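Only one structure is covered here, and it is reproduced in the block below.
Here the structure is a predicted model, which is why all the values come from computation and not from measurement.
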Amino acid sequence: MATEVKAREYKGLGREELAGIYRTMYLSRRIDDKEMQLKGQNKIFFQISGAGHEAVLVAAGLAMKTGYDWFYTYYRDRALCLQLGVTPTEMLLAAVGAEEDPSSHGRQMPSHWGHKKFNIVSSSSPTGTQFLQAVGAAEASYRGGLSEEIKQHVAGFKGDEIVYCSAGDGTTSEGEFWEALNTASNLKLPVLFLIEDNGYAISVPVEVQTAGGDVSRLVEGFPDLFIQRCDGTDPVESLETLRKAVEYCRQRKGPALVHAKVIRPYSHSLSDDEKLYRPDEERTSDAERDPVKRFGALLVEEGLLTQEEIQKIKDAVDREVNEAADAALAAHQPAPESATLYVYSPDVDPTSKEFDTEEGAEVSGNAGTMVDLINRCLHEEMARDSRVVVFGEDVADCSREQNLDKVKGKGGVFKVTANLQRKFGAARVFNSPLAEANIVGRAIGMATRGLKPVVEIQFFDYIWPAYHQIRNELALMRWRSGNEWSCPVVIRCPVGGYLKGGAVYHSQSGDTLFTHIPGLRVVYPSNALDANGLLRTAIRCDDPVLFLEHKHLYRQAYNKSQYPEDGFCIPFGKAKVVREGTDLTIITYGALVQRSLVAAKNAEQQQGINAEVIDLRTLAPYDWERVAESVRKTNKVIVAHEDTRTHGFGAEIAARISEELFEYLDAPVRRVAALDTFVAYAPQVEDAILPQVEDVYRAITELYSY
């Protein structure tokens, strides 16, 4: 190595720069060692090291611009973060779970990097979720370059900034890695993928993880992807390689992938024991390639530093790390009552009066369907706010813009996004690949950079590939970073049955699985006017929103409305009494609103029963005050919804009524819901599975006579 480096003349690096590289590498290793010591003393609770990766990561920090470029890291990236400016004290604040920890304020494990000052976006434990987010962050720059109105909203837009995204080789087995490469290459996005290959994913070796044992060989077919390989234990070679990749991305030629071979001299984490699966000779061989030891020895051998100077660096670093540990251990811990802070935005409250323009709202024009009023809202909000971008499968009028004058245009499979591309252009309205995680992951990255993505998942039944991004990333970003980062994305999604032929994969509900996620707003309108007002609130609020649009309700005549004025909003958490009554209360939403109204009318005509019907309109949050007020009045309750009965949303309402309003009840809470099965294709079977008017009517009459 010494001869090779000398022959390359250190690629223009001087004595001080080489000493600085060594210092950061050694500092990274010593922080790892200090954390291990603290873990052994039960002063911290988890440790995962970046040992063996230091050389390529210091090189990455030198090749890129701190506070200028954007960074999506993974847990081995300690040396990169040090090079970018994160301090040892800040790292150890994370290790002890201190409130002052800038990455998460004590909410995440250590080595889950994040730092607003240096554009290090909050990272998480799920491996691979960062790939698509990094692509979205780079795409924000790309779209800013296409449109002046977008550019003004993109945080940190410089025109040549790039996005760094790192992972271990094991993480390239995730499908989202391939989705990210596909989109980055297709749009020629400035993303630098650094694959830090230490040969193992915990205990699974690379040849088991990766076909052929070499991921960079597998990706050679991606167009415009600049692929480089290097010895990641050699900082000089790594820096030379990374500078080429950075320059390629900065020139907007496309994405780059650097495959760096590194080592892992320690176990995966302190929860792992590598001696159980790695033989001694293999571990000894890795130790001989230790980048910190080898580079220090090289500097002495080459006469760049003396042994005494090396020792002086070590002594100074050791003091710095010890002082940092003392400061971290003395730091304030988060207060227990802080637990619920930043689940949602502290600045914009979509349940507030600010969003309530419903009373006295004027409507005009011909009555429109739910599709019409959602489409109108999207047009108005895109005109009002140039941060808004709309994308998903088939949402554009025509991806091949040269054909727009020749065709009517698609505008979504239900025509909800019709003419948006014609009006606002392909920089703001565009189609995505058929990949749901790709849609949501990219949206998160764009929102992190300041845009307002309103994306469509074509059918609720296909949302599940995106559930990982929704649950672990979208809904969690603000809370896990202690309000340092947020990603207010709106996900529009057609949902539900009653289609006659929709069958298993076009008719399902499942709203309960999303109302269970803290940080995610869930909205479910039952009519055109509500859909318009609630969607506007969703777009204008600062939280992620799942906006469920019932397909059966899209074009029903009974839920049509004239058009409200621009600016019409309905706040979240405000239910609506759609039928006044005194004998019992029906709490419902979605397609069951109309069925409940019909059943209530029939019960009054045939049995003289006066039922009140409440449309919740939003499920997270829901209007408990309106529910409680009605229960106190009628003393009998039915909860009706389309999702399955067992573990359905009605169970939450029923349980809370029983817990908080038991003394007002004259009968048990009754639930009307779908059977605990799937929606069938045959119409008569679908009718038996989903709750019908007759089911609600039967519940009304039986509960009334209890």
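- Remark: the backbone N or O of His506 is paired with a side-chain donor or acceptor of Lys551 at under 3.5 angstrom.
- A donor-acceptor pair under 3.5 Å is absent between the side-chain atoms of Ser185 and the main chain of Asn182, judged by distance alone.
- In this structure, Phe118 and His115 have tilted ring planes: the angle between them lies in the 30° to 60° band.
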Before giving the answer on side chain to side chain donor-acceptor pair (under 3.5 Å), spell out for Glu549 and Tyr554 the whole-Å C-alpha distance, their side-chain angles and the decisive distance to 0.1 Å.
CA-CA 8 Å; Glu549 303 167 5; Tyr554 265 155; 2.5 Å; yes

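- Atom NE2 of His550 is separated from atom CG of Asp511 by 9.5 Å, given to the nearest 0.5 angstrom.
- In terms of modelled atom types and a separation under 3.5 Å, the side chain of His552 and the main chain of Tyr498 share a donor-acceptor contact.
- Cation-pi check for Arg536 over Phe568 is not met; the charged atom does not lie both under 6.0 angstrom from the ring centroid and within 45 degrees of its normal.
- Not counting sequence neighbours, Phe45 has no partner by the ring-ring contact (aromatic ring centres under 6.0 Å, His included) test.
- For the pair Arg428 (side chain) and Met382 (backbone), a donor-acceptor distance under 3.5 Å is present.
- For the pair Thr588 (side chain) and Ala640 (backbone), a donor-acceptor distance under 3.5 Å is present.
- We find that Arg384 and Glu381 are joined by a salt bridge, their nearest charged nitrogen and carboxylate oxygen being less than 4.0 Å apart.
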Walk me through it: do Val545 and Val489 pass the test side-chain contact (heavy atoms from CB on, under 4.5 Å)?
CA-CA 6 Å; Val545 180; Val489 173; over 6 Å; no

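- A salt bridge does not link Glu625 with Lys574: every distance from a Lys NZ or Arg NE/NH1/NH2 to an Asp or Glu carboxylate oxygen is 4.0 Å or more.
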Give the C-alpha distance, both sets of side-chain angles, the deciding distance and a yes or no for salt bridge (Lys or Arg N to Asp or Glu O under 4.0 Å) between Lys410 and Asp397.
CA-CA 5 Å; Lys410 183 73 175 175; Asp397 294 306; over 6 Å; no

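- The existence of a salt bridge linking Asp385 and Arg387 is confirmed by a sub-4.0 Å separation between a basic side-chain nitrogen and an acidic carboxylate oxygen.
- Between Asn532 atom CG and Ile374 atom CD1 the span is 8.5 Å, to the nearest 0.5 Å.
- From Arg76, atom CZ reaches atom CG of Leu194 across 13.5 Å, with rounding to the nearest 0.5 Å.
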Test side chain to side chain donor-acceptor pair (under 3.5 Å) applied to Ser432 and Arg442, step by step:
CA-CA 10 Å; Ser432 73; Arg442 286 163 65 191; 5.2 Å; no

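- With Asp69 contributing its side chain and Tyr164 its backbone, the two residues share no donor-acceptor pair below 3.5 Å.
- Shortest non-hydrogen contact noted between Thr677 and Thr644 is O-CG2, 3.8 Å.
- Side-chain contact check for Thr618 and Arg521: no donor-acceptor pair (N or O, by modelled atom type) lies under 3.5 Å.
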Residues Gln133, Thr448; criterion side chain to side chain donor-acceptor pair (under 3.5 Å); working and verdict
CA-CA 9 Å; Gln133 293 172 40; Thr448 302; 5.7 Å; no

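- Considering only residues two or more places apart in sequence or on other chains, Gln108 meets the side chain to side chain donor-acceptor pair (under 3.5 Å) condition with none of them.
- Although no hydrogens or angles enter the test, the distance criterion places a donor-acceptor pair under 3.5 Å between the side chain of Thr417 and the main chain of Gly411.
- For the pair Arg107 and Tyr342, the NZ or CZ position fails the cation-pi test of under 6.0 Å to the six-membered ring centre and within 45 degrees of the ring normal.
- Between Arg449 and Glu139 there is no salt bridge, since no side-chain N of the basic residue sits under 4.0 Å from a carboxylate O of the acidic one.
- In this structure, Gln209 and Ala201 approach most closely via the heavy-atom pair NE2-CB, 3.3 Å.
- Between Lys116 and Glu484 there is no salt bridge, since no side-chain N of the basic residue sits under 4.0 Å from a carboxylate O of the acidic one.
- For Asn431 and Glu393, the side-chain atoms include no donor-acceptor pair closer than 3.5 Å.
- Under the rule for a ring-ring contact (aromatic ring centres under 6.0 Å, His included), the partners of Tyr75 that lie at least two apart in sequence or sit in another chain are His268.
- Minimum heavy-atom separation, Val371 to Phe414: CG1-O, 3.8 Å.
- The backbone N or O of Ala575 lies less than 3.5 Å from a partner atom in the side chain of Asp623, making a donor-acceptor pair.
- With a 6.0 Å cutoff to the six-membered ring centre and a 45° limit on the axis angle, Arg143 counts as a cation-pi contact of Phe430.
- Screening Tyr524, Phe572, Phe649, Tyr589 against Tyr622 for a side-chain contact (heavy atoms from CB on, under 4.5 Å) leaves a single residue, Phe649.
- With Trp485 as the aromatic partner, Arg478 does not meet the cation-pi criteria of under 6.0 angstrom to the ring centre and within 45 degrees of the ring axis.
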Stepwise, does the side-chain contact (heavy atoms from CB on, under 4.5 Å) test hold for Trp479 with Tyr344?
CA-CA 8 Å; Trp479 187 89; Tyr344 300 102; over 6 Å; no

Start with the C-alpha gap between Val522 and Leu548, add the side-chain angles, then the distance that decides, and say whether side-chain contact (heavy atoms from CB on, under 4.5 Å) holds.
CA-CA 7 Å; Val522 181; Leu548 297 174; 4.0 Å; yes

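- One finds the NZ atom of Lys415 at 9.5 Å from the CG atom of Asp394 (value rounded to the nearest 0.5 Å).
- Between the side chains of Asp372 and Asn375, no donor N or O sits under 3.5 Å from an acceptor N or O.
- Remark: the His468 side chain and the Glu473 side chain contain no N/O donor-acceptor pair separated by less than 3.5 Å.
- Not counting sequence neighbours, the partners of Thr646 by the side chain to side chain donor-acceptor pair (under 3.5 Å) test are Asp676.
- For Phe222, there are no ring-ring contact (aromatic ring centres under 6.0 Å, His included) partners two or more places apart in sequence or in a different chain.
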Take Phe71 and Ile162 through the test side-chain contact (heavy atoms from CB on, under 4.5 Å) and record every step on the way to the result.
CA-CA 9 Å; Phe71 299 88; Ile162 70 173; over 6 Å; no

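- A donor-acceptor pair under 3.5 Å is formed between the side chain of His112 and the backbone N or O of Pro110.
- In this structure, Asp615 does not pair ionically with Lys576, as no charged nitrogen and carboxylate oxygen lie closer than 4.0 Å.
- Just one residue in the list Ile444, Asn438, Leu474 forms a side-chain contact (heavy atoms from CB on, under 4.5 Å) with Gln469, and that residue is Ile444.
- In this structure, the separation between SG on Cys377 and CG on Leu534 is 9.5 Å, given to the nearest 0.5 Å.
- More than 12 heavy atoms of other shown residues, nucleotides or ligands fall within 6.0 angstrom of atom OH in Tyr467.
- Ring geometry for His379 against Phe424 counts as tilted: the plane angle lies between 30° and 60°, on a 0 to 90° scale.
- Interatomic distance, CD of Gln508 versus CD of Glu642, reported as 9.0 Å (0.5 Å rounding).
- With sequence neighbours excluded, the residues forming a side chain to side chain donor-acceptor pair (under 3.5 Å) with Ser104 are Asp101, listed by chain and number.
- Ser173 contributes a side-chain N or O that, together with a main-chain N or O of Gly170, makes up a donor-acceptor pair within less than 3.5 Å.
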